[in-house]
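The block underneath contains the structure these notes are about, expressed in structure tokens.
Whatever order the structure lists ligands and atoms in, that order sets their numbers, starting from 1. Since this is a predicted model, take the numbers as computed values, not measurements. Throughout, residue positions are numbered sequentially from 1 according to the sequence presented.
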Amino acid sequence: EDIRVYEFAEKLKRPMSDIIKVLFDLGMMMTKNDFLGADEIEILSEEFGVEVTIIDPKDEFNYVEEAKADEDPNAVERPPVITIMGHVDHGKTSLLDAIRNAKVTEGEAGGITQHIGAYTVSQDGKDITFIDTPGHAAFSNMRQRGTDITDIVIIVVAADDGVKPQTLEVIKLAKESGKPIIVALNKMDKETANPDLVKGQMAEHGISPVDWGGDIEFVPVSAKTGMGIDDLLENILLTAEVLELKANPNAKAKAAVVESSLEKGRGPVATVIVQNGTLKIGDHVVCGAAYGRVKALINDMGKNIKSVAPSHTAVTVGLNEVPPAGEILMAMDSDKEAKEYALKRKEYERNKELSKSTKSSLEDMTAMIAEGKLKSLKVVLKTDVHGSLEAIKSSLSELRNEEVKIDIISSGVGGITESDVELVANSENCVLLGFNVRPTGSVKALAKQKNVDIRTYSIIYQLLDDITMMLTGMMAPKF
Ligand code: GDP
């Protein structure tokens, strides 16, 4: 996928006109810069008798992943990775700080805690890693990218405040993730704390406390006094035990980025949590479109370390650019290999961008509607007189079908202007309609440059017909 007609022609070593003609004969109007979809590629490869393997760089990238870490016979126990979520002000930050402060002195003499986006503490000789990035952005980011590093979700609810809108959001997120949930009933030091009330509210939303016959542990804590922190950590370890989390420390490293930035003096840095293998200084790594060689690893105590074991975390120095949070970092056999993957990924992302910006014509929107990918069609409407403006507006508002609604984002009497074009260009899935008005040359030129289709009409029902056709995903291509 993501190959343009001309690139396909080059690959096949056939003249581009052949490709375009075959497509045309099959009723597909395409020009040299259009992207071919999987269907078209299939048809073309049949037509030209070639075998085409479609490689999504993402798949190819995943392909190098070893077998699932926990099915690896050499996998051994690894610490759990925890995400804390909850309503604002219910004490996520305080709890993360309290856990850290309570545990950090043990065995970490001399170090000064650093906020790097994740940290590891020890409880009863076992490690637990917490993701410590603001909000649950990292969690959502990673889930969107299919990077799932959280093993257990902790939902914090202030015992004096109860379930709030964001609590409901995180309950939903946590449930969707399928991860075990532990509830931390925070602010238990407060006189107004009412844990039973909170339990009732949580139970109403499907989070039933164990002591009420449910399956979710509710641990009373106070981030302020430190009460209950040990309980919470012990609960985490018990839950983790059941999960039998494993990784192979001898495999090639695979890690997830939880935070990243450009640092003065250090260049691009990324805090990673290792999912499998061991990340070492000197490793050749690729991380999305970034690559490099690990120059330094700095742990959450600000100390330089030589390697990072599974479920542990460190700031990685040595990438050539800043990777986004949620990206996967992988060790490669050589610098060459790492660079190749990074370049492929870059090309892939560039194509995605390009295809986004070139695919905004009415035909594409029609296709998206047909595929059910487009839920609302925006319209900018200009007419010659008030009467027709009102008539078209009211007809358009009746013209919604079940899946797609029409949203007139701007309308008015008068010629089509440059600002109309700008508005359409800056709005996704937006069409520019003119009734008895036409764009001037300079407006046309701008529209062309911005990839904006202007449709003009002088008969109302034709305008309505076109939009109806679009809504049913059947509009014929423009010639
Ligand atoms: P976040 O927005 O969820 O990260 O919440 P914070 O950790 O910033 O806490 C919000 C406020 O609640 C701060 O003023 C904290 O000092 C206070 N707070 C957090 N935990 C406790 C607690 O256990 N007891 C009391 N009394 N206050 C707390």
Is the shortest heavy-atom distance from the side chain of V380 to the side chain of S411 under 4.5 Å? no
Tell me which residues fall inside the under-4.0 Å heavy-atom shell around ligand 1. H87, V88, D89, H90, G91, K92, T93, S94, N186, K187, D189, K190, S222, A223, K224
Counting distance only, does the side-chain N/O of E7 pair as donor-acceptor with the main-chain N or O of R4 below 3.5 Å? yes
For T271, the side chain to side chain donor-acceptor pair (under 3.5 Å) test, sequence neighbours excluded, returns none
Could you note down all residue pairs passing salt bridge (charged side-chain N to carboxylate O under 4.0 Å, His left out) where residues 221-237 supplies at least one of them, sequence neighbours left out? K103-D230
Quick test of your reading of the model: are K164 and D89 salt-bridged, counting only N-O distances below 4.0 Å? no
Enumerate, atom names and distances included, each donor-acceptor pair closer than 3.5 Å involving a side-chain atom of residues 416-426, sequence neighbours excluded.
{"residue": "T417", "atom": "OG1", "partner": "S419", "partner atom": "N", "Å": "3.4"}
{"residue": "T417", "atom": "OG1", "partner": "S419", "partner atom": "OG", "Å": "3.1"}
{"residue": "T417", "atom": "OG1", "partner": "D420", "partner atom": "N", "Å": "3.2"}
{"residue": "T417", "atom": "OG1", "partner": "D420", "partner atom": "OD2", "Å": "3.2"}
{"residue": "D420", "atom": "OD2", "partner": "K382", "partner atom": "NZ", "Å": "2.7"}
{"residue": "D420", "atom": "OD2", "partner": "T417", "partner atom": "N", "Å": "3.0"}
{"residue": "N426", "atom": "ND2", "partner": "E422", "partner atom": "O", "Å": "3.1"}

